[in-house]
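A, B, ... follow the sequence lines: proteins, then strands. Residue 1 opens every chain.
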Amino acid sequence: MVGQVGYEQPADVAAALAIQDRLWPLVDLVGPGPTAPARVAGLDVAYAEGGDRLAAAVTVLDTATLTVVDEAVSVGRPAFPYVPGLFAFREVPALLDALRRLRTLPDLLVCDGHGLAHPRRFGLACHLGVVTGLPAVGVGKTPLVGTWSGPAERRGAWAPLVDGGEVVGGVVRTRDGVKPVFVSVGHRMSLENAIAQVLALAPRFRLPETTRTADRLCRDALAAVA
DNA sequence: GCGACAG
DNA sequence: ATCTTGTCGC
């Protein structure tokens with residue numbers, strides 16, 4: 001249900017860097033993206049001990065009820081070693097496979113990892129957005145680049161994440177007094193809208209429901225094949 | 001040069 | 001990411 005232009009798998013680090021350099025100009029930074037999406041997809045990946053096998057999951061939630069209306073999984077092997085900054089090449093192939101198996105078309109992708117908050121402004125969320133053509137946002141649990149101050153302790157507060165003199169994302173408090181999450185634009189979204197969507201998807205827990213349901217799905221799928 | 005480094 | 005005891009907090 002989710003189409004995609006040719007994804008290219010690099011053979012080494014140099015090739016991966018070249019692909020990022022070629023694709024980053026294709027990121028749509030204007031957006032502003034859907035303000036009231038009907039269906040939002042969450043994407044996550046779980047690894048088996050030893051990291052030789054993985055399960056990628058996509059769950060599609062009805063935003064009115066935050067319940068899962070569609071889901072898909074793909075079990076396989078990591079496509080690339082873990083290299084900070086080249087993380088997408090490890091998980092994107094399996095995630096694209098899972099997206100292909102969806103029977104619904106989501107209005108937005110919520111990715112487990114950064115978008116523009118990346119050394120070359122082309123994190124996992126940008127990569128998935130550009131390859132699928134869908135609006136995408138990145139939600140990271142820990143920072144990769146950037147500095148910030150604050151945000152205030154109350155839910156909804158956020159502070160700009162700054163790197164190299166530019167705002168690359170927002171440090172967002174999704175729960176009162178709890179460690180913030182790192183939100184950045186992936187594709188076809190504005191930062192303000194990305195933050196608004198993440199807050200709407202996380203009414204109760206630190207992480208968005210999309211991420212939580214996808215996390216559960218890929219863990220279960222991995223346990224089922226083990 | 002040394003350390004840090006999404007998941 | 002995953003391996004794991006105890007521990008802190010509501």
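- Looking only at distances, no side-chain donor or acceptor of A:His114 sits under 3.5 Å from a matching main-chain atom of A:Val145.
- Among the protein residues, A:Arg219 comes within range of the sugar-phosphate backbone only, with heavy atoms under 4.0 Å from sugar or phosphate atoms but none that close to a base.
- Comparing C:dT2, B:dG7, B:dC5 by their closest approach to the side chain of A:Glu49 singles out C:dT2.
- Judged by distance alone, the side chain of A:Gln9 and the main-chain N or O of A:Ala79 form a donor-acceptor pair under 3.5 Å.
- In the model, A:Arg219 has no side-chain atom that pairs as donor or acceptor with a side-chain atom of A:Tyr47 under 3.5 Å.
- Heavy atoms of A:Ala46 sit under 4.0 angstrom from primed sugar atoms or phosphate atoms, though from no base atom.
- Contact check for A:Tyr7 versus A:His127: side-chain heavy atoms found under the 4.5 Å cut-off.
- Residue A:Pro143 is in sugar-phosphate contact alone, with no base atom involved, counting any heavy-atom pair closer than 4.0 Å across all strands shown.
- As rounded to whole Å, 12 Å separates atom C1' of C:dT2 from atom CG of A:Asp52.
- Across all strands, A:Gly50 comes closer than 4.0 Å to no nucleic acid atom at all (heavy-atom distances).
- For A:His118, taking side-chain heavy atoms from C-beta onward, the closest of the listed nucleotides B:dA6, C:dC3, B:dG7 is B:dA6.
- Heavy atoms of A:Gly51 sit nowhere under 4.0 angstrom from any nucleic acid atom.
- Within the nucleic acid shown, A:Leu43 has no heavy atom closer than 4.0 Å to any nucleic acid atom.
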